[in-house]
There are 2 protein chains.
Amino acid sequence: MGDLLDRDTARTYASWFRALADPTRVQIVEYLARHARPMSVGEVVAAVGLAQSTVSQHLKILTEVRFVLVEPVGTARHYRVNDACVGCFPSAADVVMGRPAPEPNGVC
Amino acid sequence: MGDLLDRDTARTYASWFRALADPTRVQIVEYLARHARPMSVGEVVAAVGLAQSTVSQHLKILTEVRFVLVEPVGTARHYRVNDACVGCFPSAADVVMGRPAPEPNGVC
DNA sequence: ATCGTCAATCGGCGATCGACGATGATGAGG
DNA sequence: CCTCATCATCGTCGATCGCCGATTGACGAT
């Protein structure tokens, strides 16, 4: 076992990339980004044509890494892309250079 | 069913991100990158401390998107990071802007 | 030709994923 | 208070994942 990147750092990187490792989530993110205004779950459901519970799960995964932000509005919840994260989202170059992964919990 | 990013484009993006969506693969890529010279499977096995078959599987996934290149050398096979792909690897900004995903099969 | 080495592939196992329907929680409006 | 609307959560199912040991295949050396 030679010298490797810290397992924790690798895990953090993996969790970032995993957020976009599903085609439906890619579509959801692009959809949220194109319509600049925050969108409700129902709108996303209508867009992707999957069950509401499925969309809710995907949005949960995206918000867990703070790549998507949520704000309660009445009985609805509005989701939008975290513009700060668009820039800080790890790149392949970050991995190759062994840079510390951006912490999803902290400020991006 | 509103206007969405093409499913194929989304799938291609997802396959890119999936390559780095596992901590072991992140470690392997960083390991290959740091030791600039092409490395054999056995060296990677010794580094990560997993079974040879497991490492072989990970390397297969990484080479399928051409993010890692392989070259047969005698009975061994040498793996290295595809430097061209380090720059072309899709970013979160690419997804947000709905840009066409780089084709893993073509020239990066 | 045979043996040893290196790595890909196969089959299996437990864990996780993506999808669904059903249920539960919360807030707005009558 | 009750109802409706919106969304999260739960339980389940089949598919895939990550890992392993064992086998197979390809090559170099004896």
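Naming convention: chains lettered A, B, ... in sequence-line order (proteins, then strands); numbering from 1 in each chain.
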Ignoring hydrogens and angles, tell me if any N or O in the side chain of [X] forms a donor-acceptor pair with the backbone of [Y] under 3.5 Å.
| X | Y | value |
| --- | --- | --- |
| A:Asn82 | A:Val68 | no |
| A:Gln57 | A:Thr54 | no |
| B:Thr63 | B:Leu59 | yes |

Take atom CG of B:Leu50 and atom C1' of D:dG18, then tell me their distance rounded to the nearest Å. 9 Å
Could you state the atom-to-atom distance from CD of B:Glu71 to P of D:dC27 in whole Å? 15 Å
For residues 69-81 of chain A, pull every pair meeting side chain to side chain donor-acceptor pair (under 3.5 Å), keeping only residues two or more places apart or in separate chains. none
Does B:Val86 belong to the same Ile/Leu/Val/Met/Phe/Trp/Tyr cluster as B:Val70, with side-chain heavy atoms less than 4.5 Å apart forming each link? yes
Count I, L, V, M, F, W, Y as connected when their side-chain heavy atoms are under 4.5 Å apart, and connections chain through other members. Are B:Ile61 and B:Val29 then in the same cluster? no
For residues B:Leu20 and A:Trp16, determine if any side-chain heavy atom of one lies less than 4.5 Å from a side-chain heavy atom of the other. no
For DNA chain D, find the residues of residues 53-63 of chain A with a heavy-atom distance under 4.0 Å and give them by number; none if there aren't any. A:Ser53, A:Ser56, A:Lys60
Between C:dC17 and A:Arg18, is there an OP1 or OP2 to side-chain N/O distance shorter than 4.0 Å? yes
Can you figure out which of C:dA8, C:dC20, D:dC7 approaches the side chain of A:Tyr79 most closely? D:dC7
Using the salt bridge (Lys or Arg N to Asp or Glu O under 4.0 Å) criterion, which residues pair with A:Arg34? Sequence neighbours excluded. A:Glu30, B:Asp3
Contact residues, residues 22-29 of chain B to DNA chain C [heavy atom, < 4.0 Å]: none
Taking for each residue the nucleotide of DNA chain C bearing the nearest heavy atom, is the 5' side occupied by A:Gly74 or by A:Gln52? A:Gln52
Could I get a table of every N or O pair under 3.5 Å where one atom is in the protein and the other is in nucleotides 2-6 of chain D?
{"from": "D:dT6", "atom 1": "O4'", "to": "A:Thr75", "atom 2": "OG1", "distance (Å)": "3.4"}

Who pairs with A:Phe17 by ring-ring contact (aromatic ring centres under 6.0 Å, His included), at least two apart in sequence or on another chain? none
Where do A:Cys88 and A:Phe67 land on the side chain to side chain contact (heavy atoms under 4.5 Å, CB included) test, with the steps shown first? CA-CA 10 Å; A:Cys88 83; A:Phe67 185 53; over 6 Å; no
